[in-house]
Amino acid sequence: MTKTKFTRMAYNSADDMVFGRCKKPIKTGFDLEIGSGSTIPEINYAPRPEASKSPEKLISEYDRITNDILNRMIQLGVPSVVLETEHVQDMTINAKLGSEIAHIQKTILEEFYDEYGIKCGLRHTIADIRERKNHLDLKDGRFSLLMECFDSVASKGADLLSIESIGGKEVFDYSILKNDFRGILYSIGCLGAIDVENLWLEITKIAKKYKSVPAGDTACSQANTAMFLAGGLLDKNLAHTSAAVIRGASASRSLVANEAGAIGPGKDCGYENVILKAVTGMPVSQCGKSSSCAHSDIMGNLMMQCCDMWSNESVEYHGEFGGMSVQCWGEVLAYDCSMLNAAIETGNDKILRDILMVSDRYRDPQGFILSYDNAYEIGKEITNYTDDTYMRTKKAALKCCNLLIEGSRNKLNLSRFECTNLEKLRLELKALTDDSDEFQNECLDEYTKKVRGFIPGNYF
Amino acid sequence: MTKTKFTRMAYNSADDMVFGRCKKPIKTGFDLEIGSGSTIPEINYAPRPEASKSPEKLISEYDRITNDILNRMIQLGVPSVVLETEHVQDMTINAKLGSEIAHIQKTILEEFYDEYGIKCGLRHTIADIRERKNHLDLKDGRFSLLMECFDSVASKGADLLSIESIGGKEVFDYSILKNDFRGILYSIGCLGAIDVENLWLEITKIAKKYKSVPAGDTACSQANTAMFLAGGLLDKNLAHTSAAVIRGASASRSLVANEAGAIGPGKDCGYENVILKAVTGMPVSQCGKSSSCAHSDIMGNLMMQCCDMWSNESVEYHGEFGGMSVQCWGEVLAYDCSMLNAAIETGNDKILRDILMVSDRYRDPQGFILSYDNAYEIGKEITNYTDDTYMRTKKAALKCCNLLIEGSRNKLNLSRFECTNLEKLRLELKALTDDSDEFQNECLDEYTKKVRGFIPGNYF
Amino acid sequence: MLDINPDKILIRYNVKVEDNMTADEAAEELYPTDNQIRLITKAIFEGDEDEVISCLKIAMDDGLDPLYLINEALMEGMEIVSRLYDEGIIYLPDVIISAHAMIDGIEYCKEMSNIPLEYNKGKVISFVVEGDIHDIGKTIVTILLRANGYQVIDLGRDVPVDDVVEAVKKERPLFLSGTALMTTTMHSFRQIKEKLEHEGIDVPFVCGGGAVTQDFVSHFDLGIYGEEAADVPKIAESILKGLNITQLREKFHRH
Amino acid sequence: MLDINPDKILIRYNVKVEDNMTADEAAEELYPTDNQIRLITKAIFEGDEDEVISCLKIAMDDGLDPLYLINEALMEGMEIVSRLYDEGIIYLPDVIISAHAMIDGIEYCKEMSNIPLEYNKGKVISFVVEGDIHDIGKTIVTILLRANGYQVIDLGRDVPVDDVVEAVKKERPLFLSGTALMTTTMHSFRQIKEKLEHEGIDVPFVCGGGAVTQDFVSHFDLGIYGEEAADVPKIAESILKGLNITQLREKFHRH
Ligand code: B12
Ligand code: B12
């Protein structure tokens with residue numbers, strides 16, 4: 001059973017949401033306070049291709065990365081920073097490797113904290129290794145392996161624990177390429193939600209044991225896959241209206257982690273986090289403009305609107321004229337945060353939030369949906385159906401459609417193609433039953449047949 | 001003889017200066033308007049090491065870079081963009097190579113303009129090739145070679161012409177490592193100023209011939225060398241107070257280009273441009289936060305305060321997860337500009353300007369000096385001594401000292417070392433004669449003896 | 001809350017350049033004139049498999065040869081689809097639906113043919129490297145190749161180096177298509193290439209996926225880098241035409 | 001105009017960690033106890049060349065050996081200077097001034113010595129690559145090496161590959177120190193290295209400068225990458241101690 005139910009919004013109005021501040025700030029790491037009045041850069045990195053040749057090389061790579069980042073932060077006068085290490089498979093499967101890296105990083109953080117008093121913390125995002133060559137293996141051996149890794153990185157000092165869970169991925173991958181929203185909702189609202197709950201009930205226990213923070217999940221495997229397929233304005237793999245609706249719906253899935261005990265800051269790549277913040281009042285990490293090293297989205301500024309941590313998602317470790325890549329991108333993040341913090345300190349946070357938001361509000365349907373006022377509305381749909389993850393996902397999706405349609409009558413300039421797609425989508429969603437059991441039973445049948453590799457036992 | 005004299009400030013008060021708008025906007029390229037109500041990203045790049053193996057490879061490298069950048073701008077919905085190509089020696093010495101590249105780039109810009117209507121333009125910054133192994137060769141053969149290259153890139157469609165001139169470098173390099181401010185002022189205020197005038201009287205003629213824009217110079221070889229030596233907060237090669245004073249003084253040198261006919265936007269790396277904008281009302285390009293690919297400064301946000309174009313200075317062309325490096329950094333610039341433009345459109349430009357400025361105002365003496373109000377004050381010193389480049393340089397430098405001393409009594413928290421350095425510096429400057437001829441004669445003598453490679457004939 | 005006139009700060013180029021023609025109209029202009037063939041290509045375009053089969057049936061009843069129908073109707077229809085996708089007029093899901101209709105059509109033609117009909121332009125092996133589970137790009141590549149008439153052996157994701165090498169040895173494909181999305185996994189490409197070389201197998205190796213860069217791929221001899229899934233069928237065609245690695249790189253390396 | 005309380009948004013770590021000791025006090029703690037030697041090291045620290053010479057004179061009059069004075073007083077003083085620079089207590093211009101005083105002192109000792117005195121720890125060739133005029137980094141490297149007792153042959157900037165190779169052949173230095181600040185010029189390093197190899201010369205090649213990355217340098221065998229000018233004397237010392245390339249990289253490659 002999940003623990004917390006979010007039956008009402010954490011904020012009385014959308015306008016109360018700002019960056020750098022949330023209803024439920026947290027303390028962790030070395031003097032870190034997240035969401036209590038300032039934004040914090042969260043720097044992410046990926047080892048060079050050569051570095052994965054041996055465990056020693058990999059360990060030393062993270063050692064160097066960590067030192068480089070902290071050195072640059074000191075050179076710039078940055079008061080606080082979070083480092084995120086996203087595990088690659090080896091580091092999770094071989095928990096000793098992952099935790100050795102956590103240990104080394106934490107030791108370096110401590111040195112810098114002792115010498116300079118820089119506030120800092122370490123997030124480890126465990127790789128979801130439950131995907132095998134032709135099917136998912138969500139509950140058995142691989143599940144224990146995952147938990148073993150969480151346990152050992154937490155024991156070695158990782159302050160924030162996260163995962164990008166893959167529950168529902170098999171059905172999603174099948175459906176998204178066909179624009180089949182029935183399958184998409186089933187993946188997000190049913191399968192995904194079930195798996196997230198299973199995962200986070202356990203992760204929360206481990207976090208408690210070591211006093212680390214169960215930080216949260218993301219619907220990366222659904223909403224970000226869609227966002228990437230949608231791509232830039234001229235890409236033609238997926239209508240951006242579809243991607244926008246999937247994003248809105250995915251909040252329902254990510255929220256389950258918080259219901260199961262996660263307390264934020266959710267993973268940077270969860271663009272749906274702004275909805276989660278509205279619902280839970282917990283701090284969030286976001287990426288956008290300053291993660292263009294990792295990917296291109298079309299709401300780069302907007303994503304700053306309500307962030308508590310601001311992240312570059314990931315950059316390969318290599319040299320640039322201005323230093324190592326992690327230093328350059330870390331510097332961008334640090335200045336972004338400094339700007340946000342200056343706005344907070346001078347009482348201009350809401351104005352800056354709005355400037356950031358309007359600069360992308362009409363750039364793309366995805367940004368429109370995630371504008372904090374709209375995000376808030378989507379959150380309300382979700383809190384209306386607390387106990388039925390299917391219905392709340394469907395309602396969130398429908399709300400997205402309606403917001404977009406309304407928006408398109410106003411300043412949101414949709415292409416003809418997007419309009420057609422949107423209308424089709426809305427009708428398809430409307431036609432779906434309101435009866436969760438009925439929906440699930442039908443889908444179970446249908447997708448077991450259609451999707452090779454969909455094993456119901458992973459969920460039920 | 002120089003043409004224009006700036007005897008009074010272009011703005012009645014510092015507060016009238018904002019980003020995206022200037023008193024003397026210019027039109028160029030394909031529908032570009034610079035400084036007339038919106039900021040524009042200016043994207044810079046450097047070829048991969050392999051690409052310089054042959055002229056063909058180099059040409060194709062710029063072809064790819066140009067296409068990549070424009071594609072990304074379209075994908076993001078960016079309305080206007082400038083590309084800057086900084087020549088490497090070969091491209092200038094071999095003017096055919098440089099102009100072939102200009103031609104290819106311009107052709108690509110035209111294609112994109114025709115297909116999408118994106119407003120765009122091309123800057124070529126010619127390499128100052130007048131530096132030989134052991135001495136400078138400012139006036140003779142190499143000067144003509146320079147002008148030949150300006151002529152041919154302009155004839156092939158480069159819209160904006162620039163150079164980072166090196167006049168005075170020999171004496172500066174000698175003096176800076178000894179913290180000898182006498183030599184530093186001589187380099188900037190006398191030698192540099194003379195060379196800049198010689199250069200820009202000619203460049204302006206060429207620009208006129210082809211209707212391209214004589215955009216401006218920078219005191220890179222002095223002020224940026226100092227800034228780089230100063231480095232981050234913990235670096236120990238040069239006191240940041242010295243670097244700040246050199247920056248302020250260097251405006252006097254860069255301004256000579258505008259007196260000789262340059263009409264902006266000055267080169268991105270001229271951090272002194274804000275002072276130039278205050279004096280001339282011409283548009284400026286700046287770099288800072290989003291040029292951390294190229295270098296680290298400690299005033300990353302502040303430099304956005306009054307920019308008309310916003311630049312990444314330079315990034316090596318290579319792959320990142322998010323695309324090619326030029327696309328990723330171009331994206332950062334584009335979002336930054338979009339934020340600035342959204343502030344303009346919603347009438348919040350001054351608030352945002354101030355947020356950006358205060359976020360770095362007290363981070364470092366250099367940022368403090370360049371805060372627009374202080375920059376304006378320095379500009380006033382310069383306009384007070386229009387006809388005497390030595391005196392205006394000295395007065396600007398002294399003004400910097402006084403501003404810093406005053407600042408340090410307030411919120412600018414200087415280290416003990418910086419305070420000592422600053423006081424020494426101020427006394428040294430104060431002790432210098434007010435008689436320009438006397439100063440120049442003495443220095444000519446002194447530095448001819450001291451500096452191997454200082455050839456007076458380069459200037460007189 | 002602030003609001004803004006977006007036209008002042010951004011341009012939705014997708015809207016701006018959207019053709020006045022609808023996709024249907026654009027396709028209409030491309031259908032062949034022969035009515036029978038036209039109906040089949042149209043059914044392919046519309047992704048209507050039932051319609052494809054029933055049109056094929058009629059055409060065969062009228063004496064048209066199954067192989068002829070594959071080449072002149074089914075493949076032709078799919079070419080229209082690919083072209084409109086390339087031109088940005090239709091979207092990937094449309095392509096996928098059409099591809100399924102086409103594949104059904106081909107199956108039907110095979111069944112109905114008197115002589116055994118082995119229709120494909122060439123065999124391709126496609127996989128995601130060891131340690132990597134990001135497979136949606138690979139799936140798209142596979143679909144587009146099939147849509148263009150290639151037989152694709154899809155090895156799946158997280159495929160061990162040796163399995164790839166074995167498959168190549170066994171199948172001797174026209175080329176090998178590899179996907180990797182992580183810096184830490186793409187070194188498998190190099191291992192595969194070395195093992196293939198060691199076995200003396202000289203098969204073009206096309207590589208792509210999120211983390212893979214042209215520079216990385218350029219460092220090994222058999223490699224061709226492709227940026228988009230849509231490049232793969234084009235590369236395939238060039239390989240069929242006999243272009244060598246240098247020529248392929250010349251043509252497809254954009255950065 | 002807005003204003004702000006900066007303590008809320010940034011930390012001036014330089015101010016925060018500034019030692020309570022002044023540079024003079026820190027140096028005071030490091031001077032040797034012997035008073036004659038102490039005076040010389042102090043004069044070096046203060047960069048007072050006249051004082052250095054007059055102290056040396058007195059010491060020699062008292063019978064101290066010039067070579068002994070170089071090693072125990074001048075070099076010792078310079079070591080204090082280098083150490084305080086490394087620790088961030090004094091700044092580069094101070095080092096430079098001290099270095100000049102030390103070099104004057106060495107010259108004086110040489111003059112006064114009965115036996116011909118060739119004092120240096122080793123010979124180093126330093127240059128900026130062809131096509132590159134960014135030379136201030138090289139100048140710093142040169143100064144710091146000299147300050148640490150090395151004899152530096154400074155070839156200047158924009159130095160053709162062949163000139164470097166010739167100089168190495170002629171001078172057979174302890175190592176070669178190259179600077180490059182542009183991606184387009186640093187390939188000279190590779191050329192120099194190849195030519196040296198071709199001539200069978202196996203001299204450590206230390207490379208640095210703005211555009212040079214550790215990855216680039218790691219790709220050729222003789223290369224050691226250094227990030228800061230201050231690393232060069234340390235690398236020099238390690239070379240003197242006989243560390244090989246692998247060990248040097250292990251020690252100095254930070255990224
Ligand atoms: C969605 C996503 C996921 C989804 C995958 C869903 C799926 N069905 O594949 C999920 C959530 C599962 C996931 C998980 C992880 N991910 Co992930 N993921 C992404 C993301 C955001 C988008 C990838 C995507 O789907 N793109 C859309 C598809 C269509 O694009 P594509 O595959 O690149 O294919 C296109 C082209 O490349 C081309 N193409 C593809 N193949 C081929 C082949 C040939 C021959 C050619 C020519 C072309 C070609 O065609 C396609 C369309 O044109 C990327 C970001 C990025 N920049 O790529 C990160 C990314 C790849 N992931 C990353 C990471 C780190 C992970 C995790 C390890 C994180 C973690 N610790 O949990 C885990 C993996 C766990 C594990 N077991 O190993 C990193 C990799 C960093 C690195 N080290 O290199 C990235 C870059 C994100 C980042 N942090 O910046 N991820
Ligand atoms: C100042 C500067 C100039 C000055 C040079 C002044 C001088 N006295 O050297 C001037 C104005 C002349 C100049 C000109 C140009 N520059 Co310039 N310049 C710079 C800048 C801003 C700072 C360089 C500097 O002085 N740094 C301070 C010194 C102390 O640092 P350093 O040399 O790196 O040395 C340190 C370490 O590297 C180390 N080190 C140095 N050598 C060695 C050796 C060894 C063995 C070791 C271990 C360590 C080591 O010690 C030092 C201190 O610790 C850089 C930016 C950057 N990111 O580097 C651009 C930069 C190098 N320049 C650049 C360019 C393009 C140019 C021009 C071509 C531009 C143009 N078109 O006009 C011209 C050159 C014209 C020509 N004829 O070729 C680009 C190069 C890009 C590329 N392609 O790779 C850069 C990177 C700027 C950018 N655009 O991003 N430049």
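If you're wondering where the values come from, they're calculated on a predicted model, not measured in any experiment.
Of the listed residues (D/I106, D/L74, D/T41), just one forms a side-chain contact (heavy atoms from CB on, under 4.5 Å) with D/V52, and that residue is D/L74.
For D/D163, the part sitting under 4.5 Å from any heavy atom of chain B is the side chain, from C-beta outward, and nothing else. Contact annotation for B/E316: only side-chain heavy atoms (C-beta onward) come within less than 4.5 Å of a heavy atom of chain D. For chain D, no part of B/L412 is nearby; none of its heavy atoms comes within less than 4.5 Å. In this structure, no portion of D/V95 lies under 4.5 Å from any heavy atom of chain B. Heavy-atom distances place no part of D/H134 under 4.5 Å from chain B, backbone and side chain included. Both the backbone and the side chain of D/M1 come within contact range of chain B, with heavy atoms under 4.5 Å apart. For D/I96, the part lying near chain B is the side chain, with the backbone staying farther off; criterion is any non-hydrogen pair under 4.5 Å. In this structure, chain B has a heavy atom under 4.5 Å from the backbone of D/D132, while its side chain stays farther away. Heavy-atom distances place the backbone of D/I90, and not its side chain, under 4.5 Å from chain B.
Under 4.0 Å is where a charged nitrogen must lie from a carboxylate oxygen, and between B/D180 and B/R182 no such pair does.
With no hydrogens or angles considered, a side-chain donor-acceptor pair links B/N237 and D/Y85 at under 3.5 Å. Residues B/N179 and B/S242 have side chains that bring a donor and an acceptor to within less than 3.5 angstrom of each other. D/Y225 and D/D231 share no side-chain donor-acceptor pair at under 3.5 Å. Side chain to side chain, B/S314 and B/E86 fail the donor-acceptor criterion of an N or O pair below 3.5 Å. Donor-acceptor pairing under 3.5 Å is lacking for the side chains of B/Y372 and B/D16.
Ranked by heavy-atom pairs under 4.5 Å with chain D, the list B/K350, B/E418, B/R353 is led by B/E418. Chain B forms more heavy-atom pairs under 4.5 Å with one residue of D/D158, D/I89, D/L2 than with any other, namely D/L2. Between chain D and the options B/I355, B/I351, B/L177, B/D173, the largest number of non-hydrogen pairs under 4.5 Å is found for B/L177. Taking chain B as the reference chain and counting heavy-atom pairs below 4.5 Å, the highest number among D/I97, D/I136, D/T139 is found for D/I136. In terms of non-hydrogen atom pairs under 4.5 Å with chain B, the most contact-rich of D/R157, D/M186, D/E18 is D/R157.
Checking side-chain atoms of D/Q214 against main-chain N and O of D/H255 turns up a donor-acceptor pair under 3.5 Å.
Note: B/I166 CD1 to B/S221 OG = 7.0 Å, rounded to the nearest 0.5 Å.
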